[in-house]
Amino acid sequence: MTTDSIEAAAARLSDIRDNIDRAASLTGRRGADINLIAISKTHEAPAIQPLIDAGQRVFGENRVQEAQGKWPALRDATPGIVLHLVGQLQSNKADDAVALFDVIHSLDRPSLLTALAKAMDKADRRIPCFIQVNIGAEAQKGGCPIADTPALIAAARAADVPVAGLMCVPPADVEPAPYFALLAKIAREEGLDRLSMGMSGDYETAIMLGATDIRVGAALFGAR
Ligand SMILES: *Cc1c(COP(=O)(O)O)cnc(C)c1O
């Protein structure tokens with residue numbers, strides 16, 4: 001990697017960390033307690049490596065197959081990488097997902113829960129899963145309907161699938177704050193303390209409303 005690209009990555013990372021610190025301190029939290037997940041989907045190793053060199057260790061991908069293509073080599077080169085799956089997951093990819101990822105953000109239906117529980121049993125590896133909630137009740141979007149969320153959480157707990165918290169992607173092009181606040185309320189009611197919410201355009205708002213895990217792509221890598 002050129003020194004230039006590492007310095008540019010370090011500068012973007014440091015800007016975002018400053019914004020995280022500011023948003024967290026406004027609600028009496030510490031920026032260091034916010035988990036910044038660098039969403040590297042569509043980017044290849046030469047774009048990812050400078051961020052690793054700049055110190056970032058937590059990454060996210062939205063497709064199992066794409067992640068299988070690039071992460072094994074990147075991981076071999078740098079110990080301590082933590083990989084999150086943030087995209088919709090088909091049940092027939094559960095084994096692959098459990099083998100590759102450390103955290104899954106898109107558990108959103110009973111059939112996928114069954115597949116993940118089976119995959120975790122087979123691999124003898126329990127992976128924390130966020131329950132993705134369809135917070136805007138959008139027909140075309142992944143996520144569990146709000147009304148079905150408590151039952152899915154209970155079923156996951158019963159199946160010994162670790163529930164990390166709740167995740168959402170609010171509707172595009174409208175103010176996201178009410179959706180973040182609603183996800184936080186559901187999490188409180190369910191006794192869950194992690195919230196995966198906030199992307200490049202709205203992570204500061206999400207943090208002020210309780211996000212613990214933010215998923216930032218474009219602001220770290222440049223526009224896709
Ligand atoms: C792509 C993606 C992100 C990151 O979005 P940016 O706007 O690039 O920060 C976050 N979450 C999910 C589920 C995504 O698919």
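Order of appearance sets the numbers: ligands from 1, and atoms from 1 within every ligand. Every value quoted in this text rests on a predicted model; they were computed, and no experiment measured them.
- Using a 4.0 Å cut-off between heavy atoms, Lys41 contacts ligand 1 through its side chain alone, with no backbone atom that close.
- Where the criterion is an N or O separation shorter than 3.5 Å, residue side chain and backbone included, Val86 fails it with respect to ligand 1.
- With sequence neighbours excluded, the residues forming a side chain to side chain donor-acceptor pair (under 3.5 Å) with Asp213 are Asn35, Arg194, listed by chain and number.
- By the salt bridge (Lys or Arg N to Asp or Glu O under 4.0 Å) test, Glu7 pairs with no residue at all, sequence neighbours left out.
- Applying the 4.0 Å criterion to heavy atoms of Arg215 picks out, from ligand 1, the atoms 4 (C), 9 (O), 10 (C), 11 (N), 12 (C), 13 (C).
- Between Phe221 and His43, the ring planes lie parallel to each other; the angle is under 30°, not in the 30° to 60° tilted range.
- Per-residue contacts place Ala218 under 4.0 angstrom from the following atoms of ligand 1 (heavy atoms of the residue considered): 6 (P), 8 (O), 9 (O).
- The pair Asp96-Lys93 does not meet the salt-bridge criterion, since no charged nitrogen lies less than 4.0 angstrom from a carboxylate oxygen.
- Taking 4.0 Å as the cut-off between side-chain N and carboxylate O, Arg57 and Asp102 do not count as a salt-bridged pair.
- Checked against a 3.5 angstrom limit, the closest N/O atoms of Ser200 and ligand 1 fall inside it.
- Taking a cut-off of under 4.0 Å to the non-hydrogen atoms of Val216, the atoms of ligand 1 that pass are 9 (O).
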